[in-house]
Amino acid sequence: MKVLVATEKPFAKVAVDGIRKEIEAAGFELALLEKYTDKAQLLDAVKDANAIIIRSDIVDAEVLDAAKELKIVVRAGAGYDNVDLAAATAHNVCVMNTPGQNSNAVAELALGMMVYAVRNFYNGTSGTELMGKKLGIHAYGNVGRNVARVAKGFGMEVYAYDAFCPKEVIEKDGVKALDSAEELYKTCQVVSLHIPATAETKNSINYALLKDMPKGAMLVNTARKEVINEAELIKLMEDRADFKYITDIMPAANAEFAEKFAGRYFSTPKKMGAQTAEANINAGIAAAQQIVGFLKDGCEKFRVNK
Ligand code: NAD
């Protein structure tokens, strides 16, 4: 069995070593396609692969057509909107992610960005504190839970809304569960976004939702840029001089945000929520273990195209 690691942005060496150890211990062969610059290289590399580990790499119908021997794709990470799930299902290919492996890394970044923003991007002027502020966690999944844990350490009052997670589960963590996204945004001065990008959530963070946030509002996005209605966010920030937008996923209109909202807008230069040595190693090794479990024992625990 041949397992291909296809990463435009490669894993750290220590993560590749860990993946190799898992794959070779199972008696499989590991192939690497790192830092590829052209889709043709990917199409060529997948030809004889039985399994593929990817990061943000795009696996679409063309890649699946080229991968005649493919049984499984594992996205080392949480969001799998870079894989065409319908096409994978049509090709009889199992798709998995590695939930939870990078959540602490993303949560630490979210809180770090909040501190950076309330301290005026460390520009030497007097800022505010997070302690006592109401934090709304929009989606209480793996990252949201870690954000709650860290935010409580800062002394924030933590609220959450999740469309699918039962309120009792949220409240067991000492977090106040709310009934709707609208209620969350009305209640909380700081909202941290953790919804996945789906047909339902794309463009859902819009003017109507954000306009009722309390004075001094801040939206922190470590989820996906697609969930933001950028045109409406720009309009809102034009109408509300107190509103800050801090993101780990650069908007398409980055230049416009930066020019219009200096001092209340920040984007990382490229998505770095999961860019830690620990998250890299955890997600890479989990991906390798899930492939071994699937190919040897048929384990589909983390399958996302059910
Ligand atoms: P997760 O799957 O553990 O949690 C997602 C949560 O969203 C679930 O609890 C689910 O019930 C909830 N949800 C789904 N649709 C919803 C909706 N319409 N309204 C409210 N809640 C909804 O995922 P996670 O590990 O917490 O990651 C969350 C997202 O963060 C990922 O989908 C990914 O897009 C993004 N992410 C970004 C980085 C980064 O580098 N910045 C890294 C990891 C994840």
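One-based numbering, in listed order, for ligands and for the atoms of each.
Of the heavy atoms in Thr201, only side-chain atoms (C-beta onward) come closer than 4.0 Å to ligand 1. Of all the heavy atoms of Thr198, none lies under 4.0 Å from any atom of ligand 1, so neither backbone nor side chain is involved.
Protein heavy atom closest to atom 4 (O) of ligand 1, with residue, atom name and distance, is Gly141 CA, 3.3 Å. Among protein heavy atoms, the minimum distance from atom 17 (C) of ligand 1 is reached at Ala163 CB, 3.7 Å. Among protein heavy atoms, atom 12 (C) of ligand 1 sits closest to Asp162 OD2, 3.2 Å. The shortest contact between atom 27 (O) of ligand 1 and any protein heavy atom is with Val143 CG2, 3.6 Å. Shortest contact from atom 38 (C) of ligand 1 to any protein heavy atom: Thr222 O, 3.7 Å. When only non-hydrogen protein atoms are considered, atom 2 (O) of ligand 1 lies nearest to Asn142 ND2, 4.8 Å. Of all protein heavy atoms, the one lying nearest to atom 14 (C) of ligand 1 is Pro196 CD, 3.5 Å. Of all protein heavy atoms, the one lying nearest to atom 5 (C) of ligand 1 is His194 O, 4.0 Å.
Of all the atoms in ligand 1, the ones that sit under 4.0 Å from a non-hydrogen atom of Tyr140 are 9 (O). When each atom of ligand 1 is checked for a heavy atom of Lys271 under 4.0 Å away, the hits are 39 (C), 40 (O), 41 (N). Near Glu200, meaning under 4.0 Å from any of its heavy atoms, are these atoms of ligand 1: 18 (N). Remark: ligand 1 atoms within the under-4.0 Å shell around heavy atoms of Val106 are 38 (C), 42 (C), 43 (C). Heavy-atom proximity to Asp248, at under 4.0 Å, picks out these atoms of ligand 1: 39 (C), 40 (O), 41 (N).
Clustering ILVMFWY residues whenever any of their side-chain heavy atoms sit less than 4.5 angstrom apart, transitively, puts Phe243 in the very cluster that holds Val191.
Salt bridge annotation for Lys225-Asp248: absent, with no cationic side-chain nitrogen under 4.0 angstrom from a carboxylate oxygen. Between Lys176 and Glu157 there is a salt bridge, with a side-chain nitrogen of the basic residue lying less than 4.0 Å from a carboxylate oxygen of the acidic one. At a threshold of 4.0 Å, the pair Glu62-Lys39 counts as salt-bridged, since one of the basic side-chain nitrogens sits closer than that to a carboxylate oxygen.
Considering only heavy atoms from C-beta on, Thr222 stays 4.5 Å or farther from Leu193 through its side chain. Residues Phe154 and Met131 are not in side-chain contact: their nearest non-hydrogen atoms beyond the backbone lie 4.5 Å or more apart.
For ligand 1, the polar-atom distance check finds no N/O of His138 at less than 3.5 Å from any of the ligand's N/O atoms.
Under the 4.0 angstrom criterion for non-hydrogen atoms, Ser103 is not in contact with ligand 1. Residue Ala197 places no heavy atom under 4.0 Å from ligand 1.
Residues Phe261 and Tyr245 place their aromatic rings such that the two centres sit no closer than 6.0 Å. Checked against the 6.0 Å centroid criterion, the rings of Tyr185 and His138 qualify as a close aromatic pair.
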Exercise for review: Could you walk me through whether Ser204 and Leu209 pass the side-chain contact (heavy atoms from CB on, under 4.5 Å) test, one step at a time?
Suggested key: CA-CA 8 Å; Ser204 66; Leu209 193 60; 5.9 Å; no

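Of the listed residues (Ile72, Asn305, Val83), just one forms a side-chain contact (heavy atoms from CB on, under 4.5 Å) with Met96, and that residue is Ile72.
Within a 6.0 Å radius of NZ in Lys9, more than 12 heavy atoms belonging to other residues, nucleotides or ligands are found.
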